[in-house]
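Presented below is the structure to which this report refers.
A quick note: this is a predicted structure, and the numbers were derived from the prediction, not measured. For this chain, numbers begin at 1 and follow the sequence in order.
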Amino acid sequence: MKIAVLSGKGGTGKTTISTNLAKAMGWNYVDCDVEEPNGFIFLNPKVIKTEQVSIPVPEIDPSKCIGCQKCVNICQFNALAWANKDVLLFDKLCHGCGACSLVCGYGAISEVDREIGHIDVGNDEQITCMRGTLNIGEPMAVPIIRDLKKMIGNEKTIIDCSPGSTCSVVAAIEGVDYAVLVTEPTAFGLHDLKIAIELVRTMNIPFGIIINRGSHEKDLIEEHCEKEKINIIGKVMFDKDVAVLYSKGKLLVEHEKYKELFLHIGKKVEGEIACSLL
């Protein structure tokens, strides 16, 4: 069973919601926001294993290359170019698809691994935590996310996604049982929430909304959800206590009133998943 937590835009509180939900529900936590994995700051697990993540990139043997340029022409990512009678490789553009080595009829191309990041596995007192980290300057997050998801197995897991609706988010939410969309009650928040809703609906993933930094007044997110018949599964109030806990790198569930809130949200999420399976 897997729940993805995503948001239309960054800074909405996605990691706050996902780490606290994981802790309250006792589910494992996986940080797929590999460009900015912050979940370990709050869960503070003991890292017990680190694995490097690499992708295969071509290595050209000039002594065997006849300059046919089939490899250059087959590359869909412009990672190969022909200049000064040589094949040039722009390795950070390479997606590791292997098409170039397949079309080379002269054995001039072999593949070598190029490291793009790493995965950490850790434990806190109750749950297993994993995070992927993309090396600085690397453009492709998806291979790390895919490796992370292969390590999840069938265990109950909260997946913390990247913000937005990019390929990284699509890779992270593919195959999940439920999506929690985190938003804030602003016009900007509503704009990006609509994009996130369209994404999960397109991928046929059941979902619910959590409003972060909410108030006791009815806001534009609630009005939109009411109009669209979208279920709001929780609201975290704009509260000084939240800011204080966050600034100290602590989980909200360490405060009794927020522990109750996240336990309640967790039960609603599990109920939503059960209903979606009927």
Side-chain angles (χ1 to χ4, degrees), residues 1-7 10-11 13-23 26-59 77 79 89-101 110-176 246 249-251:
M1 191 75 71
K2 302 178 187 68
I3 298 171
V5 179
L6 58 154
S7 64
K14 171 181 55 60
T15 295
T16 299
I17 299 299
S18 54
T19 52
N20 283 280
L21 262 185
K23 192 70 175 178
W27 287 30
N28 294 339
Y29 170 82
V30 176
D31 197 341
C32 283
D33 187 0
V34 300
E35 293 178 69
E36 196 172 359
N38 292 329
F40 274 33
I41 294 173
F42 302 96
L43 290 166
N44 196 29
K46 180 182 179 182
V47 175
I48 57 174
K49 184 171 69 173
T50 297
E51 293 186 2
Q52 307 303 320
V53 179
S54 303
I55 61 171
V57 298
E59 186 174 67
F77 309 104
L89 169 65
F90 301 95
D91 57 359
K92 290 188 177 179
L93 295 180
C94 178
H95 282 54
C97 69
C100 53
S101 61
S110 56
E111 292 183 333
V112 295
D113 286 340
R114 188 174 71 78
E115 182 188 325
I116 60 170
H118 64 273
I119 291 173
D120 294 314
V121 180
N123 292 319
D124 83 339
E125 296 171 353
Q126 300 170 313
I127 62 176
T128 298
C129 304
M130 292 191 287
R131 71 176 170 192
T133 303
L134 189 67
N135 288 347
I136 294 173
E138 290 292 341
M140 287 191 297
V142 172
I144 297 179
I145 294 169
R146 287 178 177 158
D147 279 9
L148 266 170
K149 293 189 69 180
K150 287 176 187 173
M151 296 170 70
I152 293 175
N154 294 321
E155 297 172 346
K156 291 181 175 180
T157 303
I158 301 284
I159 298 175
D160 189 357
C161 303
S162 304
S165 53
T166 62
C167 295
S168 296
V169 178
V170 172
I173 68 175
E174 200 168 24
V176 301
Y246 186 86
K250 292 186 176 181
L251 292 169

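Taking the side chain as every heavy atom from C-beta outward, L148 and V34 approach each other to under 4.5 Å. Residues P58 and S101 have side chains not in contact (no heavy-atom distance under 4.5 Å, counting atoms from C-beta outward). In this structure, the side chains of V176 and I3 stay at 4.5 Å or more apart for every pair of heavy atoms. Annotation: side chain of L43 is in contact with side chain of I127 (closest heavy-atom distance under 4.5 Å). The shortest distance between side-chain heavy atoms of M130 and I152 falls below 4.5 Å.
Shortest non-hydrogen contact noted between M1 and W27 is CG-CH2, 3.4 Å. Taking both residues in full, the closest heavy atoms of I144 and G117 are given as CD1-CA, 3.8 Å, listed atom of the first, atom of the second, then distance. Closest approach of C94 to M140, counting heavy atoms only: O-CE, 2.7 Å. The shortest heavy-atom contact between T157 and E155 is OG1-O, 2.9 Å. Nearest approach of L134 to I116, heavy atoms of both residues: CD1-O, 3.6 Å. A pairwise comparison of heavy atoms in G164 and V169 identifies O-CG2, 3.5 Å as the closest pair.
Using a 4.0 Å cut-off between charged side-chain N and carboxylate O, E174 and R146 make no salt bridge.
Counting non-hydrogen atoms of neighbouring residues, nucleotides and ligands closer than 6.0 angstrom, the CD1 atom of I136 reaches no more than 12 such neighbours. Residue E36 qualifies as open at atom CD: its count of foreign heavy atoms under 6.0 Å is 12 or below.
Of the residues listed (I159, V5, T19), the one engaging Y29 in a side chain to side chain contact (heavy atoms under 4.5 Å, CB included) is T19, and it is the only one. When D160, N38, D31 are each tested for a side chain to side chain donor-acceptor pair (under 3.5 Å) with T15, only one passes: D160.
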Open item on the list: As a quick check of understanding, evaluate side-chain contact (heavy atoms from CB on, under 4.5 Å) for D124 and K23, giving each step before the final call.
Closed with: CA-CA 10 Å; D124 83 339; K23 192 70 175 178; 2.4 Å; yes
Open item on the list: Show, in sequence, the C-alpha distance, side-chain angles and deciding distance for N123 and K46, and conclude whether the side-chain contact (heavy atoms from CB on, under 4.5 Å) test is met.
Closed with: CA-CA 5 Å; N123 292 319; K46 180 182 179 182; 5.7 Å; no
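How far SG of C32 is from CD1 of I158: 12.0 Å, rounded to the nearest 0.5 Å. With values rounded to the nearest 0.5 angstrom, K49 atom NZ is found 9.5 Å from I119 atom CD1. Atom CD of E51 and atom NE2 of H118 lie 11.5 Å apart (nearest 0.5 Å). Separation of atoms CD (E115) and OG (S54) is listed at 5.5 Å; rounding is to 0.5 Å. A distance of 7.0 Å separates CD1 in I55 from CD in E138, rounded to the nearest 0.5 Å.
Checked against the 6.0 Å centroid criterion, the rings of F77 and F90 do not qualify as a close aromatic pair.
Distance alone, capped at 3.5 Å, places no donor-acceptor pair between the D120 side chain and the R131 backbone. In this structure, the side chain of K156 does not engage the main chain of G26 through any donor-acceptor pair within 3.5 Å. The backbone N or O of C161 lies less than 3.5 Å from a partner atom in the side chain of K14, making a donor-acceptor pair. Under a 3.5 Å cut-off, the side chain of S168 and the backbone N or O of T166 do not form any donor-acceptor pair.
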